[in-house]
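Right, one structure below, let's go through it.
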Amino acid sequence: MAAQQPPSLVNRNKKHFMGVPAPLGYVAGVGRGATGFTTRSDIGPARDANDVSDDRHAPPVKRRKKDEDEDEDEDLNDSNYDEFSGYGGSLFSKDPYDKDDEEADMIYEAIDKRMDEKRKEYREKRLREELERYRQERPKIQQQFSDLKRELITVDEDEWRNIPEVGDARNRKQRNPRAEKFTPLPDSVLSRNLGGESTSSIDPSSGLASAIPGTATPGMLTPTGDLDLRKMGQARNTLMNVKLNQVSDSVEGQTVVDPKGYLTDLQSMIPTYGGDINDIKKARLLLKSVRETNPNHPPAWIASARLEEVTGKVQAARNVIMKGCEVNQKSEDLWLEAARLQPPDTARAVIAQAVRHIPTSVRIWIKAAALEVETKAKRRVYRKALEHIPNSVRLWKAAVELEEPEDARILLSRAVECCPTSVDLWLALARLETYENARKVLNKARENIPTDRQIWTTAAKLEEANGNHHMVDKIIERAINSLSMNGVEINREHWFKEAIEAEKAGSVHTCQALVKAVIDQGVEEEDRKHTWTEDADSCAAQGAYECARAVYAHALSAFPSKKSIWLRAAYFEKNHGTRESLEELLKKAVAHCPQSEVLWLMGAKSQWLAGNVPEARGILSLAFQANPNSEEIWLAAVKLESENYEYERARKLLAKARASAPTPRVMMKSAKLEWCLNNVDEALNLLNEAIKIFPNYAKLWLMKGQIEVQKKNKDAARDTYNSGLKKVPVDQSVPLWLLLSRLEEGCGLLTKARSVLEKGRMRNPKNAQLWLEAIRVEFRGGLKDIANTLMAKALQECPNSGLLWAEAIFLEARAQRKTKSVDALKKCEHDPHVLLAVSKLFWCERKNQKCRDWFNRTVKIDPDLGDAWAYFYKFELLNGTEETQEDVKKRCIAAEPHHGEVWCTVSKDIKNWKLSTEQILIQCAKDLPIPI
């Protein structure tokens, strides 16, 4: 029996009712309004009769009997009567609800709905007014500060910097909260007060208020016996020493723990599989069932091993796969998987065991060789393998790759005896042999494999390499005949691929012979021209220029009078050949097609670019004989003379041309030559004469007006343009409208310029150039809003105009340009003007690489657009290297662009009439502004 504690030791704060059962009918918290609840175990109500009822536990409502409902009468007292609405209840609730009642209800409901619709507009209007009044009386904080926010645009950077930081209005304790401090007691205090010593006074430094230690109420944190902390520290040190001794070397006393590999080992212990552990258990159970059901099924063992490997249990995986190898000793997949899972030394033993069980497995022998480190050991393994499997081409190839050339030749001579049907082994042996022996080897190969074309093409390449070009054609011809006799289908595509590979290997004569031999195979006579041109384009696209040249040569021999094939061949030589090859081809071309002006002009231009002017003159004189009154040849001769400063000869040629072939272009070139030489009056006379003969030619009117503007005779220029608009056809009149508008704008007559452009748009509906000029007139006049309005109308009338979309992008504010460019690309995806605008947009955003890519796309889609080249060159001048600048310049010179707004402004300026393409490019780039 436990001893009763003295009263002095009992806690005086303990309440007297603690541990005493509650009185009968007591409800906890009833004094503060809490309600109880009733359970089946309670006897009687769990609440006082005067308690507030709880709806959650309301007593069930008694159902009124039917008789009582029927007997209940309506309340017909005067107090329940209203003058307007009658009695409060329903007078006819007892009567049945029939169809007439339903129809009446529907009518009344429709009337109510109609009346509500009439009041709806007034009600909504009143609601809006009340809402506006409420917002005015109680505005949001955001609205109160909106005017101040708008004024922030006037704040400059210095004022921003001088704005003081927001201070902290809290007091010091709230600003700098300090964590509660806990001071640990020293061990001596704990040992003195808990170790059994008694003291009658309280040590103020100890923090303990108990006068008699050990008398506190026992609990989880109260020690009940003596606690020696010194002994606890000694025990901890002893435990650490035991653990360290377990991992130490017992002989030398040095630790064998690898400090570098320790963390790696810890990492390897972490499971790398991130899936659900239940899925692993299910898969493990399922695979175990498969293994037990069919133990001779190797994939089940492999899947089980890989499952264990994925979950990080490599040793378990090795055990599973080795058990599978014991059950299925003839499965090479199992042995290879076992070798993969094992470390290198163990893997060799596993593979050795596999070789004993399956000595004819090529894959196991190759794996055995791969596990060896030294080349000598690999050779030994392969030779051992070839003793067991002498007819394996794969093993022979692997063995040959490890040998020196002389040993490889000996090995290959044995290999072709064991594998006489392997083309690769025969060809490899032929490459290692001398010329004579290689011919013998290839002859033996043809005897053993009469159906393979590679042996024939290799023989042709061998003869070409040794200078026997006459033998190449014979070998290819014999190859076609032999393969056809042996039932081999002559596939053009395969032979063309063989020819391309021969060209890449440097065997040009062989590739030409191959093309010549198979170019007619399987081609209908009416399809020859189309098929051959496609073959030439395909070869050129793959970089096989000799093959393409051979195709063109054969096509020209079959169609010597076809101008289109001569032109294709000439352009091919111009792009991929030399000047000599081009001139030689053009000489043959004009001999077969003397009426083709283009071929004559190409020949003359080639000689002129080479600096051989007399030869160019000779070609043009021969062209005159073949084409006496050809306008193109006359003008080419004039250009040749004028470019070489022979102005008198050019004048004489033009005079002869006007006499023999008076065409509008000849008349225009005559006037232009005089204009270029600053003979303005003579040019005007020639133009007046030409306009009398050819009043419908727009360029004559344009030149006359420009000359008069140059002479500062603007009234005469205005009359010229107006006269030209009356005579020139509508579809050719757009340049005249543009020049007349610019003339009026230059005179300060903005309204007149606007009127001219409006007339032009009426005569030429849906013309993007006229719309663009009208927009720019307004923009230059400072009327940006009108310009935006005109742009919207223009895009409605010409929704697919790249010119307008390109201008619309830069009319927008910077933030909206990207969205506008997306819309432009949707409408005009491949328009060069839109692509150029997007390139400039990237330039503005300093995205140089994207800008360069889009410039490349632009010049690729339309290489004749000079503005794109000029912007591209200026971009590279500012952001590129010298190599990229030279590359753009060379590509522009090769493309020879002629169009573009800025480009034509520079190139058609009469002062720049002698500038080359390179000089025009540099001048345009200099004049162009940097896009912003």
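Please read all numbers here as calculations on a predicted model, not as lab measurements. All heavy atoms count here, side chains included; hydrogens, waters and symmetry mates do not.
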Exercise. NZ of K827 to OG of S801: how many Å apart, nearest 0.5 Å?
Worked result: 12.5 Å
Seminar exercise, completed: Heavy-atom closest pair (H898 atom, C904 atom, distance to 0.1 Å) is O-SG, 3.4 Å
For this session: Look only at the side chain of N696 and the backbone of V728, and say whether a donor-acceptor pair between them is shorter than 3.5 Å.
Result: no
Table please: side-chain donor-acceptor pairs of residues 563-571 below 3.5 Å, with sequence neighbours left out.
{"unit_1": "S564", "atom_1": "OG", "unit_2": "K529", "atom_2": "NZ", "d": "3.0"}
{"unit_1": "W566", "atom_1": "NE1", "unit_2": "P560", "atom_2": "O", "d": "2.7"}
{"unit_1": "R568", "atom_1": "NH1", "unit_2": "D537", "atom_2": "OD2", "d": "3.3"}

Problem set entry | Student check: side-chain heavy atoms of V734 and N767 closer than 4.5 Å | yes
Exercise. Can you find a pair of side-chain heavy atoms, one from L825 and one from L835, that are under 4.5 Å apart?
Worked result: yes
Exercise. Quick one: does H830's side chain have a donor or acceptor within less than 3.5 Å of a partner on C828's backbone?
Worked result: no
Problem set entry | Rounded distance (nearest 0.5 Å) linking atom OG of S670 with atom CD of E689 | 9.0 Å
For this session: For N679, enumerate each residue passing the side-chain hydrogen bond (donor to acceptor under 3.5 Å, both in side chains) test, keeping only those at least two apart in sequence or located in another chain.
Result: E674
Exercise. Salt-bridged, K890 to E886, with N to O below 4.0 Å?
Worked result: no
For this session: For the pair S907 and L915, evaluate side-chain contact (heavy atoms from CB on, under 4.5 Å) and give the outcome as yes or no after the intermediate values.
Result: CA-CA 8 Å; S907 64; L915 293 185; over 6 Å; no
Problem set entry | Chi angles and distances behind the side-chain contact (heavy atoms from CB on, under 4.5 Å) call for E580, E584 | CA-CA 6 Å; E580 291 78 10; E584 185 180 351; over 6 Å; no
Exercise. Between CD of E829 and CG of N800, what distance do you get to the nearest 0.5 Å?
Worked result: 12.5 Å
Problem set entry | Separation of I920 CD1 from D909 CG (nearest 0.5 Å) | 10.5 Å
Problem set entry | For Y871, ring-ring contact (aromatic ring centres under 6.0 Å, His included) partners two or more places apart | none
Using a 3.5 Å cut-off and no angle test, enumerate the donor-acceptor pairs between side-chain atoms of residues 811-819 and protein atoms at least two apart in sequence or in another chain.
{"unit_1": "R817", "atom_1": "NE", "unit_2": "E812", "atom_2": "O", "d": "3.3"}
{"unit_1": "R817", "atom_1": "NH1", "unit_2": "I932", "atom_2": "O", "d": "2.8"}
{"unit_1": "R817", "atom_1": "NH2", "unit_2": "I932", "atom_2": "O", "d": "3.3"}

Problem set entry | Neighbour count above 12 (heavy atom, 6.0 Å) for K914 NZ | yes
Exercise. Tell me, do R649 and K652 make a side-chain contact under 4.5 Å, heavy atoms counted?
Worked result: no
Exercise. Do N713 side-chain atoms and V709 backbone N/O form a donor-acceptor pair below 3.5 Å?
Worked result: no
Problem set entry | Residues F810, C844; criterion side-chain contact (heavy atoms from CB on, under 4.5 Å); working and verdict | CA-CA 11 Å; F810 283 91; C844 297; 4.2 Å; yes
Problem set entry | Heavy atoms from other residues, nucleotides or ligands near NZ of K672 exceed 12 (cutoff 6.0 Å) | no
Problem set entry | side chain to side chain contact (heavy atoms under 4.5 Å, CB included) against R891, all qualifying residues, sequence neighbours excluded | N856, V859, W869, F872, D887
For a quick test of your reading: what N or O donor-acceptor pairs under 3.5 Å do the side chains of residues 782-798 make, sequence neighbours left out?
{"unit_1": "N788", "atom_1": "ND2", "unit_2": "K784", "atom_2": "O", "d": "3.3"}
{"unit_1": "T789", "atom_1": "OG1", "unit_2": "D785", "atom_2": "O", "d": "2.9"}
{"unit_1": "E797", "atom_1": "OE2", "unit_2": "K766", "atom_2": "N", "d": "2.7"}

For this session: Please name the pair of heavy atoms, one in P897 and one in W903, separated by the smallest distance, quoted to 0.1 Å.
Result: O-NE1, 3.2 Å
Problem set entry | Flag for T720-S723: side-chain donor and acceptor within less than 3.5 Å | no
Exercise. What's the shortest heavy-atom distance between S821 and I809, and which atoms?
Worked result: CA-CD1, 3.7 Å
Problem set entry | Closest non-hydrogen atom pair, I861 against P832 | CG2-CD, 4.5 Å
Exercise. Would you say K874's side chain and A925's backbone share a donor-acceptor pair under 3.5 angstrom?
Worked result: yes
Problem set entry | Minimum-distance pair of heavy atoms, taken over all atoms of A591 and P594 | O-CD, 4.1 Å
Exercise. What's the spacing between Q769 CD and E901 CD if we round to 0.5 Å?
Worked result: 9.0 Å
Exercise. Side chains of K840 and W854: does their closest heavy-atom pair fall under 4.5 Å?
Worked result: no
Exercise. Backbone N or O of V902 within a donor-acceptor pair of the D867 side chain at under 3.5 Å?
Worked result: yes
Exercise. Tell me, do L702 and L736 make a side-chain contact under 4.5 Å, heavy atoms counted?
Worked result: yes
For this session: Taking all non-hydrogen atoms of both residues into account, name the closest pair between N688 and K704 and its distance.
Result: OD1-NZ, 3.0 Å
For this session: Would you indicate whether the side-chain heavy atoms of D927 and Q923 approach each other to under 4.5 Å?
Result: yes
For this session: Among residues two or more places apart or on two chains, list those pairs meeting ring-ring contact (aromatic ring centres under 6.0 Å, His included) that have a residue in residues 728-784.
Result: none
Exercise. Distance-only, no hydrogens or angles: does the Q919 side chain make a donor-acceptor pair with backbone N or O of S916 under 3.5 Å?
Worked result: yes
Exercise. Are M667 and T663 side-chain neighbours, meaning at least one heavy-atom pair lies under 4.5 Å?
Worked result: no
Exercise. Counting only N and O atoms by type, is there a donor-acceptor contact under 3.5 Å from the side chain of S538 to the main-chain atoms of E534?
Worked result: no
For this session: Mind checking ring-ring contact (aromatic ring centres under 6.0 Å, His included) for W805 and listing every partner two or more places apart, or none if nothing turns up?
Result: none
Exercise. Would you find more than 12 non-hydrogen atoms of other residues, nucleotides or ligands less than 6.0 Å from H899 atom NE2?
Worked result: no
Exercise. Does some side-chain heavy atom of W843 sit less than 4.5 Å from a side-chain heavy atom of F875?
Worked result: yes
Exercise. Just by distance, with hydrogens left out, do S733 and R763 show a side-chain donor and acceptor under 3.5 Å apart?
Worked result: no
Exercise. For P664, which residues count as a side chain to side chain contact (heavy atoms under 4.5 Å, CB included) partner, sequence neighbours excluded?
Worked result: F694, Y697
For this session: Mind running side-chain contact (heavy atoms from CB on, under 4.5 Å) on E758 and L770 for me, showing each step along the way?
Result: CA-CA 8 Å; E758 195 168 347; L770 292 172; over 6 Å; no
Exercise. Of all residues at least two apart in sequence or in a different chain, which pass the side chain to side chain contact (heavy atoms under 4.5 Å, CB included) check with Q710?
Worked result: W675, I910
Problem set entry | Test log, rule side-chain hydrogen bond (donor to acceptor under 3.5 Å, both in side chains), inputs E573 and S581 | CA-CA 7 Å; E573 292 295 342; S581 62; 2.9 Å; yes
For this session: Output, in order, the C-alpha distance, side-chain angles, deciding distance and verdict of salt bridge (Lys or Arg N to Asp or Glu O under 4.0 Å) for E708 and K711.
Result: CA-CA 5 Å; E708 286 167 345; K711 293 178 69 177; over 6 Å; no
For this session: Not counting sequence neighbours, list each pair that qualifies as a salt bridge (charged side-chain N to carboxylate O under 4.0 Å, His left out) and has a residue in residues 848-860.
Result: R852-E876
Problem set entry | Pairs meeting criterion side-chain hydrogen bond (donor to acceptor under 3.5 Å, both in side chains) with involvement of residues 738-751, two or more places apart | R718-E744, R742-E773, E745-R780
